[in-house]
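Shown next, in structure tokens, is the structure this report addresses.
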2 protein chains.
Amino acid sequence: MSGPRFQPVRTVRAYERIVEQIEHAVESGELRPGERLPSERDLMVQFSVSRSTVREALRVLQARGMVRSRPGDPHGAEVLPFTPAALHKSMTTLARVDELSLAELVQFRMVLEGAAYLLAARLHTPSQLAEMDAAIARMRAAEGEEEFGAADVDFHDAVARASGNKLIQICSDVVRSIVVNLIADKIRAPELRARSIAHHEEALAAVRAGDGPLAARLARQALSDFYSPYLPEGALGVLLEEAAGEEAAGGA
Amino acid sequence: MSGPRFQPVRTVRAYERIVEQIEHAVESGELRPGERLPSERDLMVQFSVSRSTVREALRVLQARGMVRSRPGDPHGAEVLPFTPAALHKSMTTLARVDELSLAELVQFRMVLEGAAYLLAARLHTPSQLAEMDAAIARMRAAEGEEEFGAADVDFHDAVARASGNKLIQICSDVVRSIVVNLIADKIRAPELRARSIAHHEEALAAVRAGDGPLAARLARQALSDFYSPYLPEGALGVLLEEAAGEEAAGGA
DNA sequence: GCATATTTGTCCGTATGTATC
DNA sequence: CGATACATACGGACAAATATG
């Protein structure tokens, strides 16, 4: 029947093998963030390739956010700590190619923030609660739109961190910034601030009381209220109703 | 007080400007997937840079999965349709650097699949239900581990597509493959198949009945049952309990 | 503060294997 | 099959930028 399944022989480029080796060194912890790579000339000797090939490999690694090289730096390229920049980049292009509608992004935010609140209500530490308090205070005291937005971001980041799940935290941050960038001009109306602050206080109270489901419901509702003017009719309704449905099912 | 806030002047590399221009052309739809870029020699004329610079730019674009170039291709580099490959790559490195624990990944799967089921129960089409039926049938008829796994993936992908949210679909796929790769050896025990099939049938019945909350609960429970042997005690409990808490709160 | 050496960024020319017509 | 054009890879070169003594 099926004989020995051979692997297709892909002709692997020289620069790719360099990328693989350096990438592996970083992922295995052999190269730690902050450490330096050898200079390009050293690398071309170690890999026995030309400098062009070394440079193409470095450009790929740089595009992935793993290293950074500056002209004239005698220490060689620097190994960077992981940042979700690459994740952010690929999600942004995914959204830009118009593969993603604003409704889908907001819906995803509702899912992520709901989960974050659910977890944060149970796992939060006192210092994280203090951070949320401080963020709300800064929202209240904010003068410019920028200041208000920054405090808002800090609040949500504190909640995401309190969830104890770095993936939720990173994805929430990425999706939020994408959504905000997409409709940055239209929103941030000062007349919405009071309502926004009130919402954050309610949600925080629910977190403090350990009522994750309530906090999640408030978050979904707030997102729906805020973004529905910019979305087609009923784009978010399903998630709201179904979340409510979860409760009804439990009551039965 | 605060004078005019100037932008820090970053010396932008030549290859970066090329990347920006081509990237913009793709994102704006000026260059569509399947179309070809000019040859490297044409590009070095159009941008008035050297060949090396053009190549470094192409390597970056290739790393982002936007183009593909083959030696000898007279048509030039091909513009690729968007694939979540870049997303997959960055999430994988995020997990590999051990920034992410297996518990966090599984937890994230619980969140995503729960949301997918919630939406799919309301938005599914008849053809998508048929796909899920077919996938379960193939799971039942599967002989090898590989076949079973492929059918399993197809089922979950059908659910994710039925959610109508491409971001949920893509992220679910990415996180699932990462988790599976992390513990590929240990699992897939044949004795678990019957139970797995039974679970899928239950979840599909819930979807067909339009009971999203039930389907979501089943999915979370199945993930917890399946992965808890490989996780520290109580790593997933919070999410299960809190999801149950959503119901209790609704009953009150 | 300054001069120097090193490194990166960029350019040019060339050779080689390959895909298409 | 042959001719052509292409990508891959090599090596040498110069200017700008940077760190070091």
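Lettering of chains follows the sequences in order, A, B, ..., and the numbering in each one begins at 1.
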If I take atom CG in residue Leu58(B) and atom C1' in nucleotide dA9(D), what distance separates them, rounded to the nearest angstrom? 15 Å

With a 4.0 Å cut-off on heavy atoms, is Ser52(B) in touch with a base, just the backbone sugar-phosphate, or nothing at all? base

Is Arg13(A) touching bases, backbone alone, or none of the nucleic acid, heavy atoms closer than 4.0 Å? sugar-phosphate

Looking at Arg13(A) and Glu56(A), does any basic side-chain N land under 4.0 Å from a carboxylate oxygen? no

Nearest to the side chain of Pro74(A), heavy atoms from C-beta on, is which of dA19(D), dA9(D), dG17(C)? dA19(D)

Just to be sure I understand the rule, does Thr53(A) reach a base, reach only the sugar-phosphate, or reach nothing, if contact means heavy atoms closer than 4.0 Å? sugar-phosphate

Measuring to OP1 and OP2 of dT8(D), would you say a side-chain N or O of Ser69(B) lies under 4.0 angstrom away? yes

Can you check the Arg17(B) CZ to dT10(C) C1' distance for me, whole Å? 15 Å

For a quick test of reading the model: is some side-chain N or O of His75(A) closer than 4.0 Å to OP1 or OP2 of dT20(D)? yes

How many Å lie between CG on Asp73(B) and C1' on dA5(D), as a whole number? 10 Å

Between Phe47(B) (CZ) and dT10(C) (P), how many Å, whole number? 14 Å

Does a distance-only test, which skips hydrogens and angles, find a donor-acceptor pair under 3.5 Å between the side chain of Arg51(A) and the base of dG9(C)? yes

Looking at Ser163(B) and Val159(B), would you say the former's side chain and the latter's main chain have a donor-acceptor pair under 3.5 Å? no

Nearest whole angstrom, please: distance from the P of dA9(D) to the CZ of Arg59(B). 8 Å

Answer yes or no: is there a side-chain heavy-atom contact under 4.5 Å between Arg138(A) and Glu147(A)? no

Report the C-alpha distance between Arg64(A) and Glu23(A) in whole Å, list the side-chain angles of each, state the deciding distance to 0.1 Å, and finish with yes or no for salt bridge (charged side-chain N to carboxylate O under 4.0 Å, His left out). CA-CA 10 Å; Arg64(A) 292 185 185 163; Glu23(A) 203 169 32; 2.9 Å; yes

Quick one: on DNA chain C, does Ser48(B) or Arg41(B) contact a more 5' nucleotide (nearest heavy atom)? Ser48(B)

Euclidean distance, atom CZ of residue Arg68(B) to atom C1' of dT8(D) [Å, nearest integer]: 17 Å

Over how many whole Å does the gap from Arg70(A) atom CZ to dT6(C) atom C1' extend? 14 Å

Do Ile170(A) and Leu94(B) come close enough that some side-chain heavy atom pair is under 4.5 Å? yes

Taking atom types as they are modelled, is there a donor-acceptor pair under 3.5 Å from the base of dT10(C) to the side chain of Arg55(B)? no

With a 4.0 Å cut-off on heavy atoms, is Glu40(A) in touch with a base, just the backbone sugar-phosphate, or nothing at all? sugar-phosphate

Taking dC12(C), dC10(D), dG9(C) as options, the one with an atom nearest any side-chain atom of Val49(A) is dC10(D)

Compare all side-chain heavy atoms of Val67(B) with those of Leu80(B) and state whether any distance is below 4.5 angstrom. no

Return the nearest nucleotide to the side chain of Glu56(B); candidates are dA7(D), dT10(C), dG11(D). dT10(C)

Within the structure shown, what part of the strands sits under 4.0 Å from Arg36(A) by heavy-atom distance: base, sugar-phosphate, or nothing? nothing

Against the side chain of Pro71(A), the closest entry in dA17(D), dA7(D), dC11(C) is dA17(D)

